*Asks:* 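Pasting a structure below so you can have a look.
All values reported here derive from a predicted model rather than from experimental measurement.
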Amino acid sequence: MNESNLSVLITEGEIKSRILELGGELTKRFKNEKDVIAVCVLKGSMMFYSDMIRTMNVDLQCEFLGVSSYNGTTQSSGEVKLTLDLSTPVEGKHVILFEDIVDTGLTMNYMKKNLSSRNPKSLTTVTLLFKPDALKTECQLDYVGFKIPNDFVVGYGLDYQGFYRNLPYIAQVFNLN
Ligand code: IMP
């Protein structure tokens with residue numbers, strides 16, 4: 001893997017300790033609740049999600065949601081599509097949505113609207129990364145791992161044209177293409 005055009009933004013250790021903090025907060029919030037569904041947004045959240053749910057001392061069920069908006073480029077197409085739906089109804093259940101990154105906010109708002117229409121008992125949003133300067137619409141988030149500058153990043157699940165997801169850290173990419 002060519003790592004010469006990457007600059008580390010968040011180290012593996014920083015990710016681990018932030019996940020422990022977030023896991024503790026979510027455990028406090030949900031440990032006495034029944035019917036908790038943790039939703040992983042594919043593909044980018046896979047690592048964040050699997051690390052997060054292992055730090056949460058909560059009885060939960062796992063579900064997966066697929067959405068696409070980027071078409072392999074570094075710019076959102078602005079058009080969000082559901083590519084994989086949950087396998088179970090979430091009506092009356094506590095849904096926790098795990099996203100890798102909120103950039104324009106369009107994807108998160110689309111998912112919130114879509115899931116809310118299924119009448120969950122609660123809907124909680126958790127994002128590993130948030131780029132406040134890239135927002136194109138108001139987007140309310142419950143838990144944020146790290147606020148980052150408006151630069152394209154890869155690693156720890158996040159990709160550029162399908163690559164770099166397996167890096168254990170998050171890096172800015174320069175000289176794309
Ligand atoms: P939004 O709809 O613009 O907020 O984009 C959300 C989705 O775009 C995320 O789930 C990511 O898949 C992708 N995305 C946004 N910014 C980045 C980035 O810097 N690197 C990799 N993927 C990104």
Side-chain angles (χ1 to χ4, degrees), residues 1 3 6-67 84-103 105 107-112 114-116 118 120-132 134 139-149 151-160 163-172:
M1 184 158 41
E3 295 180 38
L6 301 181
S7 160
V8 178
L9 182 67
I10 307 172
T11 65
E12 198 175 350
E14 287 168 335
I15 296 171
K16 277 191 181 143
S17 58
R18 187 68 183 118
I19 281 178
L20 282 176
E21 288 173 0
L22 287 175
E25 290 176 36
L26 286 165
T27 298
K28 255 193 228 151
R29 164 70 184 85
F30 289 102
K31 70 176 175 220
N32 296 320
E33 301 287 4
K34 276 192 225 133
D35 297 326
V36 177
I37 302 198
V39 176
C40 172
V41 184
L42 295 173
K43 299 171 188 171
S45 308
M46 60 181 182
M47 292 201 196
F48 176 51
Y49 177 80
S50 60
D51 284 343
M52 278 301 303
I53 58 172
R54 281 179 288 177
T55 67
M56 291 168 60
N57 188 9
V58 172
D59 289 328
L60 55 78
Q61 290 177 303
C62 296
E63 280 292 327
F64 299 86
L65 193 66
V67 283
L84 174 78
D85 204 354
L86 307 180
S87 69
T88 186
V90 294
E91 184 163 359
K93 304 195 170 170
H94 293 284
V95 174
I96 314 174
L97 184 64
F98 291 89
E99 173 64 306
D100 53 355
I101 187 164
V102 173
D103 183 274
T107 306
M108 181 56 94
N109 281 350
Y110 170 87
M111 293 188 294
K112 281 172 78 171
N114 183 304
L115 293 174
S116 297
R118 305 178 197 202
K121 189 163 185 188
S122 68
L123 175 59
T124 301
T125 54
V126 188
T127 184
L128 173 65
L129 305 175
F130 174 40
K131 294 182 191 170
C139 184
Q140 206 63 45
L141 301 166
D142 298 309
Y143 296 89
V144 172
F146 302 91
K147 286 185 183 169
I148 62 166
D151 294 317
F152 198 79
V153 291
V154 295
Y156 194 66
L158 291 134
D159 75 309
Y160 174 60
F163 292 95
Y164 300 111
R165 289 194 200 275
N166 56 329
L167 291 172
Y169 53 84
I170 291 163
Q172 284 162 321

*Asks:* To the nearest 0.5 Å, what is the distance between CZ on Arg165 and CG on Leu158?
*Replies:*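 Rounded to the nearest 0.5 Å, the CZ-CG separation comes to 7.5 Å.
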*Asks:* Checking the side chain of Lys112 only, and the main-chain atoms of Gln140 only, is there a donor and an acceptor separated by less than 3.5 Å?
*Replies:*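 The answer is yes, because a donor-acceptor pair under 3.5 Å joins these two groups.
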*Asks:* Could you tell me whether Glu12 and Lys16 make a salt bridge, using a distance below 4.0 angstrom between a side-chain N and a carboxylate O?
*Replies:* yes
*Asks:* Any chance CG of Asp35 has more than 12 other-residue heavy atoms, nucleotides or ligands included, within less than 6.0 Å?
*Replies:* yes
*Asks:* Using every non-hydrogen atom in the two residues, find where Ile148 and Pro132 come nearest and quote the distance to one decimal.
*Replies:*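 Closest heavy-atom pair between Ile148 and Pro132: O-CD, 3.6 Å.
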*Asks:* What is the distance from atom CD1 of Ile19 to atom CZ of Phe48, rounded to the nearest 0.5 Å?
*Replies:* 5.5 Å
*Asks:* With rounding to the nearest 0.5 Å, note down the distance linking CZ in Phe146 to CG in Leu9.
*Replies:* 9.0 Å
*Asks:* With a 4.5 Å cut-off on side-chain heavy atoms, are Leu42 and Leu65 touching?
*Replies:* no
*Asks:* Looking at Arg18 and Glu21, does any basic side-chain N land under 4.0 Å from a carboxylate oxygen?
*Replies:* yes
*Asks:* For a quick test of reading the model, state the closest non-hydrogen atom pair linking Pro149 to Gln172 and the distance between them.
*Replies:*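 Reported closest heavy-atom pair: CG-NE2, 4.3 Å.
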*Asks:* If I take atom OH from residue Tyr143 and atom CG from residue Leu26, how far apart are they, to the nearest 0.5 angstrom?
*Replies:* 5.0 Å
*Asks:* Evaluate whether atom CG of Asn57 has more than 12 neighbouring non-hydrogen atoms of other residues, nucleotides or ligands under 6.0 angstrom away.
*Replies:*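 No, CG of Asn57 has 12 or fewer neighbouring heavy atoms, counting only those of other groups under 6.0 Å.
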*Asks:* With a 4.5 Å heavy-atom cut-off, do Phe98 and Cys40 have their side chains touching?
*Replies:* no
*Asks:* How many angstroms lie between CG in Asp51 and CG in Leu128, if you round to the nearest 0.5 Å?
*Replies:*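 CG of Leu128 is found 10.0 Å from CG of Asp51.
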*Asks:* Side-chain contact test, heavy atoms from C-beta onward, threshold under 4.5 Å: evaluate it for Val41 versus Met111 and give yes or no.
*Replies:* yes
*Asks:* Side chains of Arg118 and Glu91, heavy atoms from C-beta outward: is any pair under 4.5 Å?
*Replies:*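 When only atoms from C-beta onward are counted, Glu91 and Arg118 do not touch, as no gap falls below 4.5 Å.
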*Asks:* With a 4.5 Å heavy-atom cut-off, do Glu33 and Val58 have their side chains touching?
*Replies:*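 No, every pair of side-chain atoms sits at 4.5 Å or beyond.
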*Asks:* Could you please spell out the steps behind the side-chain contact (heavy atoms from CB on, under 4.5 Å) verdict for Leu86 and Leu115?
*Replies:* CA-CA 10 Å; Leu86 307 180; Leu115 293 174; 3.8 Å; yes
*Asks:* Check Gly145 against Leu22 and note the closest heavy-atom contact, atom names and distance.
*Replies:*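 Looking at all heavy atoms of both residues, the closest pair is CA-CD1, 4.0 Å.
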*Asks:* Quick one, Val102 and Thr125 - any side-chain contact, counting heavy atoms below 4.5 Å?
*Replies:* no
*Asks:* What is the distance from atom OG1 of Thr127 to atom CG of Asp100, rounded to the nearest 0.5 Å?
*Replies:* 6.5 Å
*Asks:* Any side-chain heavy atom of Lys93 within less than 4.5 Å of one from Pro120?
*Replies:* no
*Asks:* Would you say the side chain of Leu129 lies within less than 4.5 Å of the side chain of Ile10, judging by non-hydrogen atoms?
*Replies:* yes
